[in-house]
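Working notes, beginning with the structure itself.
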Amino acid sequence: MIADVVGFSRLMRSNEVGTLQTLKAHQSELIDDRISSHSGRVIKRTGDGFIAEFSSVTNAANCAVEIQSRMRVRNQDVPKDRCIEFRIGLNAGDIIHDGDDVFGDGVNLAARIEAFAQPGGVAVSGPTREQIGKCPGLAFRDAGRQHLKNIDQPVQLFHLELDETGSTQPVSTAPSNHTLAVLPFVNMSGDTEQEFFADGMTEDLITDLSKIPDLFVVGRNSVFAYKGKSGDLVRIARELGVKFILEGSVRKSGPKVRVSAQFIDGATGGHLWADRYDRELTDAFELQDEITGIIVGQLKLQLQAPRRVGGEDNRRTRNLDAYSCYLKGRHFYHMRTRQMLAQGREMFEQAVRLDPGFARAYAGIADCDSFMNSWFGARVPVQDILETTNKAIQLEPDLAEAHAAQGFALQTAGRIQDAGGSFERALAIDPLCYEAHYYLARLCVVKELPDRAAEHFVRALEIRPDDYRSPLLLDSVLGKLDREEDREAYVQLGLKRAENTVALHPQSSDPLELGAAVLATRKELPLARHWLNRALEIKPEEDTQTYNIACAYVGLGEPDKAIEVLEKVLNVAGPDALEWIKADPDMDPIRDHPRFVQMIQR
């Protein structure tokens, strides 16, 4: 028996800490025990899988069915993007043991058979099927003779059939193949400014296709790891754990745009459909709907008319210039420094000027205003921010971004209960809304609900694998929960992501500031000092008064410097920032300092 995890690279990229923890739990709580109970033994671990040998092929088959059936039960309440599914291949043949390794034709063929197995399924060779014979509780579906990699002759294969509910009672239903990855569309324009448009086309296709029932679409950040890289599409499909791949390119020239798209079978690399579209720029989003509809048709799903997957009230802009401004604004917003937030807001405002009905741009304006109010003293009236979020919701009632922005504005105003309701509404609309998970996690910190804060920080870092804030903020949350092993693992993940962000965006000091604060709290003082100095070198001298810098000084044992920074922070900070400071354990070393007490009481 050979098994590995479907889409392991994607799972690890989203959350390597949680993926490894969950995999180890499956191994210790289910797999090892089931293999032993069926007179087998694990002879080799393979990172994301294992090789096991059994005294009989019947024992191996029964064990495989039981593992896969129980895995379906274990995955019932797990979000689709976090499910760990195995492919299992069975083959009867000779095994050569050499220390901790195994070789032989039987092992090689089993590995090729395992690659052919469906996610959550079991594949067996013809001779293995014959040896099993008629066995109660086992049923097989003929998969025909298949050409397997590095195997000279076609091999007869069968699928062991499993009940979708998790029972070992055989039925004729195969595991679903409705899984898709949209690879980043390539910008063929020779103009770096058009990268935003190509990326936006990719992101919106992911968003629209994700709304289709029974279709699992790999998230943005997992597929964007392949941006700018050419590779074997069969390998990529396997790494992402999908049956189908959509790839394409965008070329803009003057008032026209050309989009090419190919829909590909991830198992063979064969083209199922390909087409090229030439449109006026004003028709680009009609084109996007058209491509989405064709993909839906290819998957043969019984769905509503696909031209408006999000519904007739969807107010996505038809103005490409407005859309480009929105994408740039979102890029700047996620950098979170004062300067970047100002640039982000300017881009969102420009998008609204170009298209006054663009709901997502209004949500972006509100987010920038709320953040500037909370930490940088912008003093935008909260009622004005709420009117901006209401405008977004009126234009697009089911826009999760807008409800999350409304929750953030309410939290900024100190309306904690109302804020939580808006975040929950956003997640009901879109469980993969990053902003809703991130904002709600921070709200739970303020409300001293560390269990829920940890849950939402983890989901946030899984949805955006470039998110360094959530794993670093987990440091204090997991500390309160006495989860020291998890705490260490997530801090290391956050530091790695922070370094990656600095490498991509050397003008942003935010990852260095937060990393310095966490390192100082953990008493890794030389490294904390190094990160802090790097942050201060980037920031303008007049913009060094930020909360994370104060946290770093606290951890470094420089309370006077910390309080000097905090005084300037609190002079402009909003109510939610004050509540965060009151709840943040990073402040504990100076909490009894007379100047700190005086600041908090003002």
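Distance alone, capped at 3.5 Å, is enough to place a donor-acceptor pair between the Q68 side chain and the F86 backbone.
Residues satisfying the side-chain hydrogen bond (donor to acceptor under 3.5 Å, both in side chains) criterion with R10, sequence neighbours excluded, are absent altogether. With sequence neighbours left out, H437 forms a side-chain hydrogen bond (donor to acceptor under 3.5 Å, both in side chains) with H456. For S56, the side-chain hydrogen bond (donor to acceptor under 3.5 Å, both in side chains) criterion is met by N59, not counting sequence neighbours.
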- Message: With side-chain contact (heavy atoms from CB on, under 4.5 Å) as the criterion, how do D265 and K243 come out once you've worked through the C-alpha distance, each side chain's angles and the decisive distance to 0.1 Å?
- Response: CA-CA 6 Å; D265 185 333; K243 172 64 176 173; 3.4 Å; yes
- I would like to know whether L514 and L473 meet side-chain contact (heavy atoms from CB on, under 4.5 Å); could you show each step before the answer? CA-CA 9 Å; L514 182 54; L473 292 174; 4.2 Å; yes
- Message: For a side-chain contact (heavy atoms from CB on, under 4.5 Å) check, start with the C-alpha distance between L504 and T501, then their side-chain angles and the critical distance, and finish with the verdict.
- Response: CA-CA 5 Å; L504 289 171; T501 301; 5.8 Å; no
- Message: side-chain contact (heavy atoms from CB on, under 4.5 Å), that's the test. Do T46 and I2 meet it? Break it down for me.
- Response: CA-CA 9 Å; T46 58; I2 293 184; over 6 Å; no
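Within the 4.5 Å cutoff, no side-chain heavy atoms of D466 are placed close to those of N500. For the pair I113 and L90, the minimum side-chain heavy-atom distance is 4.5 Å or more. Considering only heavy atoms from C-beta on, L246 comes within 4.5 Å of W273 through its side chain.
Atom CD of residue E16 and atom OG of residue S9 lie 12.0 Å apart, to the nearest 0.5 angstrom. Annotation: the span from F140 atom CZ to E161 atom CD amounts to 9.5 Å, rounded to 0.5 Å.
In this structure, F158 and D142 approach most closely via the heavy-atom pair CD2-CA, 3.6 Å. The minimum heavy-atom distance linking L30 with I67 is given by the pair CD2-O, 4.0 Å. In plain terms, the two heavy atoms of A92 and T128 that are nearest each other are N-OG1, 2.9 Å.
In summary, R469 and D510 engage in a salt bridge, as defined by a charged side-chain N under 4.0 Å from a carboxylate O. Salt-bridge annotation for E484 and R522: absent, with no side-chain N of the basic residue lying under 4.0 Å from a carboxylate O of the acidic one. Ion pairing between R330 and D199 fails under the 4.0 Å rule for side-chain N and carboxylate O. Ion pairing of D486 with R483 is present here, as a side-chain N (NZ or NE/NH1/NH2) and a carboxylate O approach within less than 4.0 Å. At a threshold of 4.0 Å, the pair D398-R425 counts as salt-bridged, since one of the basic side-chain nitrogens sits closer than that to a carboxylate oxygen. Under the 4.0 Å criterion applied to side-chain N and carboxylate O atoms, R459 and D81 are assigned as salt-bridge partners. Ion pair R45/D32 flagged as a salt bridge, since at least one NZ, NE, NH1 or NH2 atom sits closer than 4.0 Å to an Asp/Glu carboxylate oxygen. Salt-bridge annotation for R452 and E424: present, with a side-chain N of the basic residue lying under 4.0 Å from a carboxylate O of the acidic one.
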